[in-house]
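Note sheet for the following structure.
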Amino acid sequence: MSYLTGEFECKLDNKGRMMIPAGLKKKLPEAEKEGLVINRGFEKYLVIYTKQEWDKKLDELNKLNQYEKKNIEFIRYFTRGATELSVDAAGRVNLPQGLLDYAGIGTDVVLNCQMTKIEMWDRVAYQAMIENEPEDFAKLAEEVMGDKRRGDVA
């Protein structure tokens, strides 16, 4: 799978179904066959993974020592609510109401692609988050990315 990019505005129907945007669907050819997985994000949003990417996350979690309390708690809270989604013949997915409630998602949503996952936000909450951009984004970029040691640098 190539990296996912883009921002897509969608609407949920009254049954909690969402049509996967055509531009995004093209980037997810395996989704119709293998399905997707949706889960809670670290904040009030949801995260959608391809089944293959979700399995990678589970492989990482499986390497943790499950006798340590903090690992058990992390695994429990990270995986709670994770639900497999099937894409129907019309290109829609039926989203679990409990997860929609958790994230405060109403009818209007934004899908924000981030490399190997898709964040799903309520449109109003997404706008508020985007408008809260750090005052000095260049400084944040320097702190996060500026001191990366590249293998190709002598």
Side-chain angles (χ1 to χ4, degrees), residues 1-134 137 140-141 144-145 148:
M1 178 181 84
S2 61
Y3 289 116
L4 300 170
T5 56
E7 198 175 86
F8 302 89
E9 292 193 12
C10 304
K11 287 197 177 287
L12 302 185
D13 69 14
N14 59 357
K15 295 181 181 178
R17 295 177 301 194
M18 178 187 72
M19 179 75 69
I20 298 175
L24 180 56
K25 194 173 178 182
K26 288 178 188 175
K27 298 176 184 184
L28 299 169
E30 69 278 7
E32 286 188 52
K33 185 177 82 173
E34 298 176 13
L36 300 166
V37 176
I38 191 166
N39 196 23
R40 289 172 170 86
F42 291 118
E43 298 171 48
K44 293 295 183 180
Y45 60 87
L46 302 176
V47 182
I48 300 172
Y49 299 93
T50 63
K51 181 73 170 80
Q52 182 179 5
E53 283 300 317
W54 179 250
D55 287 346
K56 288 179 185 177
K57 296 292 180 200
L58 295 182
D59 287 343
E60 288 179 53
L61 294 176
N62 196 42
K63 293 175 184 172
L64 296 175
N65 180 343
Q66 295 183 31
Y67 293 100
E68 291 183 22
K69 184 175 171 55
K70 67 181 178 182
N71 293 348
I72 295 168
E73 288 177 347
F74 179 77
I75 292 167
R76 181 180 299 133
Y77 290 112
F78 183 79
T79 60
R80 77 186 190 280
T83 305
E84 291 189 25
L85 302 174
S86 298
V87 182
D88 70 14
R92 298 173 300 195
V93 290
N94 193 17
L95 302 164
Q97 189 61 50
L99 290 179
L100 294 174
D101 291 344
Y102 160 82
I105 293 176
T107 303
D108 297 315
V109 300
V110 175
L111 301 178
N112 178 27
C113 296
Q114 292 191 349
M115 296 171 282
T116 60
K117 66 182 181 184
I118 304 163
E119 290 183 349
M120 173 185 256
W121 290 79
D122 177 77
R123 186 178 56 79
V124 172
Y126 183 76
Q127 234 8 79
M129 182 271 300
I130 291 298
E131 289 172 3
N132 195 23
E133 181 177 317
F137 185 69
L140 176 62
V144 173
M145 300 298 295
K148 295 289 182 193

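If you're wondering where the values come from, they're calculated on a predicted model, not measured in any experiment.
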**Study point:** Pair Tyr126, Glu7: side-chain N/O donor-acceptor within cut-off below 3.5 Å
**Key:**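 Yes.
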**Study point:** Pair Trp121-Glu119, side-chain donor/acceptor within less than 3.5 Å
**Key:**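 Note: Trp121 and Glu119 side chains meet the donor-acceptor criterion.
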Show the atom names and distances, to 0.1 Å, of all donor-acceptor pairs under 3.5 Å that link a side chain in residues 91-115 to residues at least two apart or in another chain.
unit_1, atom_1, unit_2, atom_2, d
Arg92, NE, Asp88, OD2, 2.9
Arg92, NH2, Asp88, OD2, 3.1
Gln97, NE2, Asp101, OD1, 2.8
Tyr102, OH, Gly41, O, 3.2
Tyr102, OH, Glu43, O, 3.0
Asp108, OD1, Lys11, NZ, 2.4

Check your understanding: Does Asp59 pair with Lys63 as a salt bridge, N-O distance under 4.0 Å?
Key ->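 No, this pair does not count.
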Output the distance between atom [atom1] ([X]) and atom [atom2] ([Y]), rounded to the nearest 0.5 Å.
{"X": "Met18", "Y": "Phe8", "atom1": "CE", "atom2": "CZ", "value": "10.5 Å"}
{"X": "Leu12", "Y": "Met120", "atom1": "CG", "atom2": "CE", "value": "6.0 Å"}
{"X": "Trp54", "Y": "Ile48", "atom1": "CH2", "atom2": "CD1", "value": "12.5 Å"}
{"X": "Thr50", "Y": "Lys117", "atom1": "OG1", "atom2": "NZ", "value": "13.0 Å"}
{"X": "Lys57", "Y": "Asn39", "atom1": "NZ", "atom2": "CG", "value": "11.0 Å"}

**Study point:** Derivation of the salt bridge (charged side-chain N to carboxylate O under 4.0 Å, His left out) call for Glu30 and Lys33
**Key:** CA-CA 5 Å; Glu30 69 278 7; Lys33 185 177 82 173; over 6 Å; no
Side-chain touch [X]/[Y], heavy atoms, less than 4.5 angstrom:
{"X": "Thr5", "Y": "Lys27", "value": "yes"}
{"X": "Val37", "Y": "Lys51", "value": "yes"}
{"X": "Leu4", "Y": "Thr116", "value": "no"}
{"X": "Leu24", "Y": "Ile118", "value": "yes"}

Practice item. Please test Phe78 against Phe42 for side-chain contact (heavy atoms from CB on, under 4.5 Å), starting from the C-alpha separation and ending with a verdict. Key: CA-CA 8 Å; Phe78 183 79; Phe42 291 118; 4.0 Å; yes
Review point. Hey, does the side chain of Arg40 reach the backbone of Arg80 with a donor-acceptor pair shorter than 3.5 angstrom?
Key: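 Here the side-chain-to-backbone pair exists.
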Can you give the donor-acceptor pairs under 3.5 Å from side chains of residues 67-75 to other protein atoms, not counting sequence neighbours?
unit_1, atom_1, unit_2, atom_2, d
Lys69, NZ, Glu73, OE2, 3.0
Asn71, ND2, Asn65, O, 2.9

**Study point:** Sequence-distant partners of Tyr49, side-chain hydrogen bond (donor to acceptor under 3.5 Å, both in side chains), two or more places apart
**Key:**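 None.
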